[in-house]
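Note sheet for the following structure.
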Amino acid sequence: MIGGTVKVHNVSKNFGTTQVLKDIKLEINAGEFFSLLGPSGCGKTTLLRIIAGFEIPTSGDILLDNESVINKAPNERHVNTIFQNYALFPHLTVFENVAFSLRLKKIDKNIIKSRVAEYVNLVRLQEHINKYPAQLSGGQRQRVSIARALINEPRVLLLDEPLSALDAKLRQDLLMELDRIHDIIGITFIYVTHDQEEAMSVSDRIAVMQEGNLLQVGTPFEIYESPADMFVADFIGASNNIEGKVIEVTENRAYIETPDIGRITVDLDKKLKASDHIKVTLRPEKIHISKKAPSLDSPKWNCISGKVDQMVYTGSHTRFIIKTEHGRVFKTFKQHAQYFTDEEPIQWEDNVYMWWHADDSFIVEVNGNR
Amino acid sequence: MIKNYGQRYTFPIMVWLTVFFVIPFSIILVGSFLEKGLYGGFEPAFSIEAYKALMSDTMRKVTLNTIFISVATTVLTVLLALPTAYHIARSPYKEKLLFLVIIPFWTNFLIRIFAWIAVLGNNGLVNNFFVNIGIFNSPVQLLYNKWAIILIMIYTSLPFAILPLYAVIEKFDFSLLEAARDLGATKSQSMFKILIPLILPGISTAVLFTFIPAFGNFAIPDIVGGTDVRMLGNIINERLKTARNWPSAAAISMILTTISVVMVLLFNRIISSKERKIGGNI
């Protein structure tokens with residue numbers, strides 16, 4: 001089965017005098033695992049509820065498979081929702097919950113029985129089919145709600161922070177489960193979350209939202225490596241933000257004068273001219289760190305020094321917070337790829353060198369423009 | 001060794017029930033099997049006269065009337081109270097609306113019944129209005145029949161039905177209705193398949209709070225029922241005070257209690273067969 005396409009056409013929504021969605025334009029492809037990502041209050045859940053039909057936008061239109069559904073009630077739209085609090089019917093068993101929509105359609109009892117069994121198997125709840133929701137764990141309840149929604153064979157499945165009420169380990173398991181189900185069923189998933197790791201790990205594309213605006217739409221790679229603005233850079237993963245003024249532009253790179261770490265060089269991700277004011281993001285994993293001064297073979301390397309301010313050992317890697325001479329703080333980490341290293345281990349308050357390649361930073365804003 | 005503390009804790013309620021329920025009930029039960037005194041009271045001699053006298057056509061008619069009036073009152077009251085309670089629970093002004101429901105309790109019960117006479121009487125508001133605009137030629141008798149009793153009983157019992165219904169609906173998780181709509185249910189299907197089954201305990205409280213007072217009521221039929229329509233409560237009142245036949249009044253009370261209890265048990269059975277095991281909160 002191939003899922004439906006969703007087009008969000010200039011949708012705005014006001015609650016009283018506050019505008020929670022500002023002219024959102026968005027196209028979601030058939031069969032895509034699409035995430036709406038943003039901090040709480042950014043409007044992502046409202047947008048999802050508008051697609052489901054629980055809210056009516058102040059202006060704009062929603063097209064499902066190129067057909068406007070704005071005047072259709074939720075029960076007339078071929079979309080189904082997974083709710084954050086599961087919204088299972090407590091007076092019905094797992095079987096009856098999953099069978100709910102089929103029974104409304106007055107389908108033959110034997111067909112219902114086999115269809116329900118099929119979907120309960122899909123979410124691996126066979127042995128709980130006669131239990132009531134109160135007898136299930138949180139993860140099991142959410143799986144029931146997934147089966148209950150999918151049995152309708154919706155064109156699009158809407159997931160409203162479906163994992164936020166679960167603990168971290170279970171969240172990971174259920175996320176992989178969702179990914180597996182998406183691969184089997186193949187319909188379009190629209191997934192609302194505030195957890196960037198969740199969104200990154202399963203999505204084909206992500207839309208980052210903030211205060212009712214759509215900041216960037218792209219693949220996880222695009223959003224992480226070339227964020228549209230500083231908010232996206234900070235919200236997705238950790239970021240070291242560097243600001244400075246362009247001194248000189250050569251054929252393939254530029255020299256930047258910064259107030260706190262001196263002169264650095266960057267790749268020309270965007271068009272620059274001398275005296276432009278720019279903002280650059282540098283991801284922690286792009287920074288090399290050592291106690292020994294590196295021998296750098298190309299002028300495209302940047303190297304600065306600092307003192308270890310904090311270090312956190314996490315097993316697979318150690319996270320460092322390094323403070324430069326001018327009090328500027330950098331986040332980085334060192335992977336523990338070997339059991340014994342030839343190098344002397346870095347300790348707290350050690351002086352260290354940090355270096356990175358000009359290609360590995362990314363110019364986010366030029367003169368305040370994206 | 002586990003000590004049974006439960007019995008110690010329930011001791012006060014046992015005393016309460018004994019003094020205010022078991023003893024009075026026993027007095028009525030025993031009294032119904034005694035002979036009547038000359039000027040009221042009981043003569044200490046065993047007799048089933050009081051029960052024999054119940055086998056009359058009048059008694060049968062009054063009993064059926066009583067059942068009809070109280071069942072009709074209960075059904076109509078709950079049907080009116082349900083949507084009212086639902087809208088109060090979902091309103092942004094619920095405190096103010098609840099306050100309006102409670103305001104009538106500030107006025108004496110009898111005065112409120114007499115107020116209805118001013119509304120429905122031959123010179124009342126309703127008749128004057130319809131005569132003035134020319135729909136009626138002369139006033140229509142609206143009082144002194146079954147329907148007047150039922151109307152006023154609905155009026156007096158509405159708050160007792162609205163409040164328990166409000167209590168359960170207010171706690172209801174409305175996202176369940178959205179889920180039902182999402183799964184293809186129409187508005188009314190989501191109400192009947194999800195809301196109603198989940199608020200059954202509140203409905204059953206509302207039914208009992210309406211049915212029991214209506215069934216034993218005598219003030220309302222006494223004032224607006226006229227001579228035609230009498231309920232069991234009126235007969236008890238009349239046997240006790242006019243006929244001075246205490247054993248007869250006691251026997252009718254026993255019938256009234258028995259029918260009430262049977263009705264309540266029957267109803268509870270219907271409810272509990274529908275009310276599936278939910279097994280705790282979600």
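In what follows, chains are A, B, ... by sequence order, proteins preceding strands, each numbered from 1. The figures that follow rest on heavy atoms only: side chains count, while hydrogens, waters and symmetry mates do not.
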Under 4.5 Å from a heavy atom of chain A, the part of B/Glu178 involved
both

Non-hydrogen atoms of B/Asp182 and A/Thr81 that approach each other most closely
OD2-N, 2.6 Å

Between A/Ser101 and B/Leu183, the two heavy atoms sitting closest are CB-O, 3.1 Å

Residue A/Phe95 excluded, over 12 heavy atoms near CZ under 6.0 Å:
yes

Verify the neighbour count for atom NZ of A/Lys169: are there more than 12 heavy atoms of other residues, nucleotides or ligands below 6.0 Å?
no

Quick check on B/Thr186 against chain A: is it the side chain, the backbone, both or neither that has a heavy atom closer than 4.5 Å?
both

Is the count of non-hydrogen atoms from other residues, nucleotides or ligands lying under 6.0 Å from B/Lys187 atom NZ greater than 12?
no

Taking the side chain as every heavy atom from C-beta outward, state whether B/Lys193 and A/Phe89 have any pair of such atoms under 4.5 Å apart.
no

Exceeds 12 heavy-atom contacts within 6.0 angstrom, atom OH of B/Tyr86:
yes

Can you tell me how far the CG atom of B/Leu198 sits from the CG atom of A/Leu92, to the nearest 0.5 Å?
8.0 Å

Would the number of heavy atoms belonging to other residues, nucleotides or ligands and lying under 6.0 Å from CZ of B/Phe174 be above 12?
yes

Nearest heavy-atom approach of A/Pro90 to B/Leu176 is CD-CD1, 3.7 Å

Does atom CD1 of B/Ile196 have more than 12 heavy-atom neighbours from other groups under 6.0 Å away?
yes

Output for pair (B/Ser175 OG, A/Tyr86 OH), nearest 0.5 Å, gives 12.0 Å

Taking side chain as everything from C-beta outward and backbone as N, CA, C, O, which of these in A/Asn80 sits under 4.5 Å from a heavy atom of chain B? Side chain, backbone, both or neither.
both

Are more than 12 heavy atoms from other residues, nucleotides or ligands located less than 6.0 Å from atom CZ of B/Phe129?
no

Would you find more than 12 non-hydrogen atoms of other residues, nucleotides or ligands less than 6.0 Å from B/Phe105 atom CZ?
yes

Side chain, backbone, both or neither: which part of A/Arg77 has a non-hydrogen atom closer than 4.5 Å to chain B?
neither

Taking atom CG of B/Leu200 and atom NE2 of A/His91, what is their separation to the nearest 0.5 Å?
9.0 Å

